[in-house]
Amino acid sequence: QKEVEQNSGPLSVPEGAIASLNCTYSDRGSQSFFWYRQYSGKSPELIMSIYSNGDKEDGRFTAQLNKASQYVSLLIRDSQPSDSATYLCAVNPEAGNTGKLIFGQGTTLQVKP
Amino acid sequence: SAVISQKPSRDICQRGTSLTIQCQVDSQVTMMFWYRQQPGQSLTLIATANQGSEATYESGFVIDKFPISRPNLTFSTLTVSNMSPEDSSIYLCSAAGSVHRGYTFGSGTRLTVV
């Protein structure tokens, strides 16, 4: 079992819709969770971090974490064509030591005008 | 968040040679990491660059192939040694002051080995 799993997609949504991206992780001791956006040919860009169960909102983005289910998701409201990118889920699998991140394989999002 | 300057941005190298990639951070950071990203794939962690001591390598990566230096809290290098075409990839460095501050990535080095 991979440590961090995502559907590779592509996930296609119409402009203005809500895009829902999901991620599961295997290490129950994981403490920190991140969503990165990566445009083709560019390096990953941090868009959201979440550490506690529940929802965290930042503009059009909402991250959701359920540690009991080992599940983290990202909702993008009012999706725009500029949101088309690969979204990478990353997990810090250890409680506060090396701080390394393990990445999922990424979900490609396509927002169609 | 820290800003990272990574160079070179790309290079084409002959097999059997070595390439050293540099990352300079604009502030002191606790953690620095090196990742590899194959075309169309996600990021695979190569190693954690430890300041003043030997790097911590992930399974499948060894020091002889990927020697790493981190002489201070703002700078690190990754060398890809004795290159083969299978080493063609994008190499990325990442840094963070702490886990909770988030991780920044350099712009990446696109390596092609011929």
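Side chains are part of it too, since the values below use all heavy atoms of this structure and drop only hydrogens, waters and symmetry mates. Residue numbering restarts at 1 for every chain, and letters A, B, ... go by the order of the sequence lines.
Looking at A:Glu45, there are no atoms closer than 4.5 Å to chain B (heavy atoms on both sides), in backbone or side chain. Both the backbone and the side chain of B:Leu43 have a heavy atom closer than 4.5 Å to some heavy atom of chain A.
Between the side chains of B:Asn50 and B:Thr56, a donor-acceptor pair is found at a separation under 3.5 Å. The closest side-chain donor-acceptor pair between A:Arg77 and A:Thr62 falls under 3.5 angstrom.
Ranked by non-hydrogen atom pairs under 4.5 Å with chain A, the options B:Gln41, B:Gln37, B:Gln6 are led by B:Gln37.
Connection of B:Ile21 to B:Met32 is not established within any shared hydrophobic cluster, with ILVMFWY side chains joined at heavy-atom distances below 4.5 Å, either directly or through further cluster members.
More than 12 heavy atoms of other shown residues, nucleotides or ligands fall within 6.0 angstrom of atom CD1 in B:Ile63.
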